[in-house]
Each structure stands twice: as C-alpha cells, then as structure tokens.
Amino acid sequence: MTAEQRQNLQAFRDYIKKILDPTYILSYMSSWLEDEEVQYIQAEKNNKGPMEAASLFLQYLLKLQSEGWFQAFLDALYHAGYCGLCEAIESWDFQKIEKLEEHRLLLRRLEPEFKATVDPNDILSELSECLINQECEEIRQIRDTKGRMAGAEKMAECLIRSDKENWPKVLQLALEKDNSKFSELWIVDKGFKRAESKADEDDGAEASSIQIFIQEEPECQNLSQNPGPPSEASSNNLHSPLKPRNYQLELALPAKKGKNTIICAPTGCGKTFVSLLICEHHLKKFPCGQKGKVVFFANQIPVYEQQATVFSRYFERLGYNIASISGATSDSVSVQHIIEDNDIIILTPQILVNNLNNGAIPSLSVFTLMIFDECHNTSKNHPYNQIMFRYLDHKLGESRDPLPQVVGLTASVGVGDAKTAEEAMQHICKLCAALDASVIATVRDNVAELEQVVYKPQKISRKVASRTSNTFKCIISQLMKETEKLAKDVSEELGKLFQIQNREFGTQKYEQWIVGVHKACSVFQMADKEEESRVCKALFLYTSHLRKYNDALIISEDAQMTDALNYLKAFFHDVREAAFDETERELTRRFEEKLEELEKVSRDPSNENPKLRDLYLVLQEEYHLKPETKTILFVKTRALVDALKKWIEENPALSFLKPGILTGRGRTNRATGMTLPAQKCVLEAFRASGDNNILIATSVADEGIDIAECNLVILYEYVGNVIKMIQTRGRGRARDSKCFLLTSSADVIEKEKANMIKEKKKK
C-alpha cells in the first residue's frame, strides 16, 4: 500500500464508518488481524455499535505494514457484499455514497413510523439485493424472536448503512408493491408517485376531505341473455358470440357513432360487455390497410386482472392481439413495443402516465380509442386526469395528429358536494369536460329490461344505541392529551400543529390530522440537521403512539373494550421488544400505570357495547327469516374486521354464522394485510361454500372485486359519498335483498339520506 492510499483511507474513514459493519468481513481478514483484535472489534460492536467497531477496525488496519493487506481489504469488501464501498475506495470517489446521505437522514427521521407500519417479512425479498446476506438473516431472526417492530428497526438500521445507490428507489418500489402506508411518506422521486392523495381503505364516514378513488367490479356474469348461472355465462359464453340485451345496445349506441361518451349504468348490468361491443365495432370500422388501437384503463390490480381475462377470451377468437401491463410487469417489458405490437392493451393508468412523461410513448395519438373504467375518478391528481390533461393540451394546441375517441364507464357520475340540482349539474358538466365527453349514455328506453337484471336492495337506516358512559375512553383520552403535550414541547414551530381544533379523539379525522403532522415533519428543515432529525424522529414516535390510542378508541366504540385493550397491549409488547429508548420507556410507563384500571373497566359486564346487541338482533332476525342468507358486513377499519370476527366466533347464539374476512392489500402489520391470492381465496370460499355465509369487509369489497350475489348488506357505522353508496348497495344483487345502515349517529343517518337525495338528483 502506498503512502497516498494510506492517506486517502484516513481521509475517507468517516464514509467507511457510516457503511461498514466490520464483523461481516472479519472472516475474510483473519490472516491479517490478531485473534485478540478480532475479539475487541466484535466486543466494540456489541457494546457501542457498528460505527465504533468500524473505527477500531480501521485503526488496526492502518497499523499494518505487510504488503498485500490493502488488496485483501478490497477483496473482503467485495466478497462480503460491500460492492458500492469497494468501488468507492478503489477509485477514491465517494459521490454515489454521498448522494445517499439525504435518504439516510430521511429514514432516520421516519424510523418510528417505519417501525410502526412496516413488517420486514413483507418486503425483505425485494430489498435483499440492497443488503448484506448476513443482514438479511439477522433481520429474519430478530423478526421471528423479538417481533415485527424489532425486525423493522433492524431493517432500517441496515438500509441506513447500505452502500447500494439504488436502495431508496428499491425500498419505494417494495413499499408500493406491498401497498404499505409508509410509502406515502417515503417519496424518492416525486414524479414517480402515483397520485397525490391515495385513498386508504380505512377512511371512514368522517374523512370527507380525502379524495376517494372508487372502482366497481367487471360484471362478467351479466354479459348475455343466455340462461344459466353466472359462472357458466362468464366462462363458457365468452368463447362464442354473445347476444346483447337491448339496454346494452342502447348504452353502446352513442359511442358506436364515434362520440366521446360517459356510460352511466348500475353495477351488475354488464357495462364490461358494452365496452366489448364498442371496442369490436371500433376495430372493425377501419378500412383495409388501416388499424385501430384500443387501450382499456383499470384502476386497481384485481379489476385489471379480471378485465384482462374478459377481453382476452372475447377478442382472441376474433383474431385480435391483446396484451396487459401493470406496475408489477412494466419493468420487465417494453411498454412501447407492447403497445406497437397489439390491437388491444389493458393498462393500469399510471403505466401510461409514466411512459408519456419519460417519452417512451410520444403522444396519445398512438391510440384510436381510450376506455376509462370507473371514469368518475377523473379529477384532481388521479392518473386519469393526468392522461386527459395531455389529451386536452393536444386538442387545444397546434398539433394536427388525430386524437383517440374517449369512452368512460361508471355506476354513478356523482354530484360532489352539491346541495342543489344546479350544483349537481355543474359537477356532472365538470366531469364531462374532464373527459371531453359530449354524451352521457343512460338507459331510458329499456328501463323495464334493466330492472329485471339489476336488483336494487331495500335500504333501511337504523339508529342503534351507544354507551351512556365510557370510562375506557376517558382514560385513553387522558393518555392522548399527555402524549400530545409531550409532542408539542418538542418543537415550537411544529408544536403549532397541535393547536388545530376539531380533531376529536377516536375518529378518522384524528387519523387524518396525524397524516398531516407526518407530512409536515417530512419537509421540515432546520439549520442544525442533527436537531432537525431529533425533532422529527421524536414527533413521529409520539404520533405513532397517538395513532394506536386513536385506533383503540375506534375499536372500543364499535366493538368490545377487551379487543381495544388487547390491541394496545400487543403494540406496547412490540415496543418493548425493539430498541425501547428513553421516550418509549416513559410512554410505556404511563400506559402501564393505567393498565390495571383499563383491565377492570374492559371486563365489567355493564360496559358491554349496545351496538353489538343491535347488530346481533339484525343477524338473528334475517337468518331466522331466511337461513340461506349471504351477508356482507362492511366496517371502517381492518382492526374492526378482526374484532367483529372474534365477537361472532365467541358468541354461541351466532354459531350458525361462519365468518370470512376481506381487507385490502395495504397493511399496517402482517396480521391485517391481505395479498391478492388471499383475497381471491376468501371470495371463492364465499361464492362456493354454503357454510361460509358472512363476509366481514372493509371498503375493498365495494371497490371492484367480483363478489357473488348476496341478499344482505350491513353497513356498520359505515357511510361515504354517493358513489360509494350506490356501489356498495350494488353488492346486494339477489332478489329481495336488503341493505341496513346501523349507526349511533343521527348525523350519519342524515348524511345517508343526503346521499340518496343526491342519487335522485343525478338522474
């Protein structure tokens, strides 16, 4: 080693200390270090951490005089997996590692929320390329022995030390693929983000300020008039020509004439088949030597997969080429070539937005027809609106290239916040303008035929009782006030966020306030970066505890107090198993001081939830009248899904019920998120099994997954906007079906009545 190399190693030692855990390369350096030195390095890591161990390792290394040790060090780094660090030392260029510093600082800042929301088991396989093999094993071992939060803490520590220049982007892709809540905070490239405000399935009745993206199911079962069960119609008849119903021909007519059209018709009427008719007519109208090109947009993966199957079965028999691309496949294929080589392309819309932005797709003129499923989402920063911005810019600009025809599909155009017929009309006109649509196609001449196909369930709103007193809520609310005060004192500037009114404990509004605090922390800056990191990390820690308390109050309000308390006990157990710093010890101490009182209150029979009694009576009555009843029970949050399933299973009087659960793929911990295969398995069981007679679901079940006919829908403290109401009620497709709204709030009942009035206005 030359004197210059030794000097450079000394100069860049701070970079090396940030990255290197020397215990991972000691086995490769054993011939260069004394046994006693190896033991000291290992002890230093155990006592003070990897950075201090790396400092000691470099101290021993720089004392070596024998030839060859520097190359041995580089070889050790390479073989252990430190390829980025090895490359930087070889060239004495640490710019790539330096560029990672802002992401290291961000992850340190967000670490409390990372620990609270991420399960390392869910994303480790995606991140393994950015970590040392030994780190992956340690993360798995800690996750299995100490719990999710401890495993997430170890993963964050390893990522912060990673020398792979792509780890921030890989983390983002892994989080988005897993639909993790943390992805909303971890924004590496703002242009890469799919949407400004992605709806969360836990958004309840009160989260009116949050944009909700709704989607409905592709109605495969109602494609033709052929008799037979839905499964036969969808699987067998798609291979042969289908006979459309008269109302379907009526819906398709304006689009067949080449007009930009919004097709508005109820869930279950076969709008997918209408789009097939339009698509086939469009492709056949081109003269010899010319070809049409159709793109069909589906918002979510479950809907995308179902539509891809339907289009493939229908058009392959006609000799057309069909392809489908989603976020999961776009990195491994050339989107440009797929579009060039096929007649019909099924896409998730963000794929097109990304490829328009990076220039891979030059313009929308490559298509001759664009079909937007759930087109009512064409607003704000939704990918649909981004696509239509391009369309309108093209139309109003100087380009002479032809533009594609536009067709939108929806169960309801909605009326926004309209309170009058005039305001409702303005909202509808705004959607038409966004889609450049000149026609809204609805069924007018064949209403009787439509009503034979689509059954609108009877809607019943019932006000249920709530607890007259709630000691549990009082105790938790006091703990939340104390935690808020501690958080407010961390920073004078960010403390102003805690002065905002109207953030009642135990509500979805409070959850949204926490999201707002997190966003403010993400962009907060101070001259002193260490102090900045300390402040933001502390606020994330306090708000993660506030979020759990808020969740517990929601569970207690709508389910059993014991479920809420067990939820908190599990959280604090995970906290103890992780680093458990001074702040966490103080917060845990405050909770445990109240634990005995909370246990006593939750076990008191007088504190049983009267709402559950009313739910019990509805279930008893409906299943007594019709034992073969199939029910979907909608609730606001995933935690409530688990709590109500437990309540049903533990109630002997409800032993006739065999509950299944259906939640979204976004997750806050491993126990609650459902993968797409798991969702499909649950739905198949609900369709096929006579025993599985009730499905407890969050909004995922009113958002576009194909659900079998059911005759009872129960909205348990669950209400949204008019579009959500129409589509949820559309799940009850059996004859003589009913839809109950059970709520303790007179305001919620009034809101649902307002939704029904808005539904009439849009007609």
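What you see is a predicted model; the values in this text were computed from it and never measured.
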Would you name the heavy atoms of [X] and [Y] that are closest together and state the gap between them?
X	Y	answer
Cys264	Val413	SG-N, 4.0 Å
Ser275	Thr272	OG-O, 2.5 Å
Ile361	Gln336	CD1-CA, 3.8 Å
Ala265	Lys271	O-NZ, 2.8 Å
Glu250	Pro254	O-CD, 3.7 Å
Gln350	Pro383	OE1-CG, 3.3 Å

Is a donor on one side and an acceptor on the other found under 3.5 Å between the side chain of [X] and the backbone of [Y]?
X	Y	result
Thr261	Ile263	no
Glu449	Asn246	yes
Asn260	Asp436	yes
Lys630	Asn692	yes
Thr631	Leu633	no
Trp186	Lys169	no
Ser365	Pro402	yes
Gln172	Ser183	no
Asn385	Lys380	yes
Tyr247	Glu451	no

Is there side-chain contact between [X] and [Y], with heavy atoms separated by less than 4.5 Å?
X	Y	answer
Leu695	Val682	yes
Val443	Leu251	yes
Val295	Leu369	no
Ser379	Leu431	no
Phe634	Ile714	no
Gln386	His382	no
Leu185	Thr117	no
Ile278	Val407	yes

Inter-residue atom distance [X].[atom1] - [Y].[atom2], 0.5 Å rounding:
X	Y	atom1	atom2	answer
Leu171	Cys130	CG	SG	8.5 Å
Tyr384	Asn377	OH	CG	7.0 Å
Thr309	Ile322	OG1	CD1	11.5 Å
Cys279	Leu318	SG	CG	10.0 Å
Leu277	Leu253	CG	CG	11.5 Å
Ile262	Thr442	CD1	OG1	11.5 Å

Quiz prompt | Residue of the set Val439, Ile440, Thr378 for which side chain to side chain contact (heavy atoms under 4.5 Å, CB included) holds with Cys432 | solution =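 Among Val439, Ile440, Thr378, the one that satisfies the side chain to side chain contact (heavy atoms under 4.5 Å, CB included) with Cys432 is Ile440.
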Ring pair (Phe, Tyr, Trp, His ring centres under 6.0 Å) with [X]: which residues, sequence neighbours excluded?
X	value
Phe296	Phe311
His394	none
Phe389	none

Self-check item: Among Gln405, His282, Gln290, side-chain hydrogen bond (donor to acceptor under 3.5 Å, both in side chains) partner for Thr368
Solution: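 Going through the options one by one, the only one that passes is His282.
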Quiz item: Going through the checks in order, is the side chain to side chain contact (heavy atoms under 4.5 Å, CB included) test met by Phe315 and Leu276?
Solution: CA-CA 9 Å; Phe315 283 103; Leu276 296 177; 3.6 Å; yes
Exercise. State which residues pass side chain to side chain contact (heavy atoms under 4.5 Å, CB included) with His281; sequence neighbours excluded, sorted by chain then number.
Key: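 His281: side chain to side chain contact (heavy atoms under 4.5 Å, CB included) contacts with Lys256.
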Quiz item: side chain to side chain contact (heavy atoms under 4.5 Å, CB included) with Lys284: which residues, sequence neighbours excluded?
Solution: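 For Lys284 the side chain to side chain contact (heavy atoms under 4.5 Å, CB included) partners, ignoring immediate neighbours, are Glu280, Tyr320.
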Practice problem: Give the C-alpha distance, both sets of side-chain angles, the deciding distance and a yes or no for side chain to side chain contact (heavy atoms under 4.5 Å, CB included) between Leu435 and Met388. | Solution: CA-CA 6 Å; Leu435 287 162; Met388 287 308 299; 4.1 Å; yes
Quiz item: Taking it one step at a time, do Ile371 and Leu409 satisfy side chain to side chain contact (heavy atoms under 4.5 Å, CB included)?
Solution: CA-CA 8 Å; Ile371 303 176; Leu409 309 174; 4.1 Å; yes
Quiz item: Within a reach of under 6.0 Å around CD of Glu422, are more than 12 heavy atoms found that belong to other residues, nucleotides or ligands?
Solution: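 No, the 6.0 Å shell around CD holds no more than 12 heavy atoms from other groups.
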Quiz item: Can you tell me if NZ on Lys285 sees more than 12 non-hydrogen neighbours from other groups inside 6.0 Å?
Solution: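 Yes, enclosed.
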Quiz item: For residues 288-297, which residue pairs qualify under salt bridge (charged side-chain N to carboxylate O under 4.0 Å, His left out), counting only residues two or more places apart or in two chains?
Solution: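 As it turns out, the salt bridge (charged side-chain N to carboxylate O under 4.0 Å, His left out) pairs with a partner in residues 288-297, which skip direct neighbours, are Lys291-Asp343.
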Self-check item: Pair Leu364-Leu356, side chain to side chain contact (heavy atoms under 4.5 Å, CB included): steps then yes or no
Solution: CA-CA 8 Å; Leu364 295 174; Leu356 286 169; 3.9 Å; yes
Quiz item: Relative to the ring of Phe372, is the ring of Phe297 parallel (under 30°), tilted (30 to 60°) or perpendicular (over 60°)?
Solution: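 Rings of Phe297 and Phe372: tilted, 30 to 60°.
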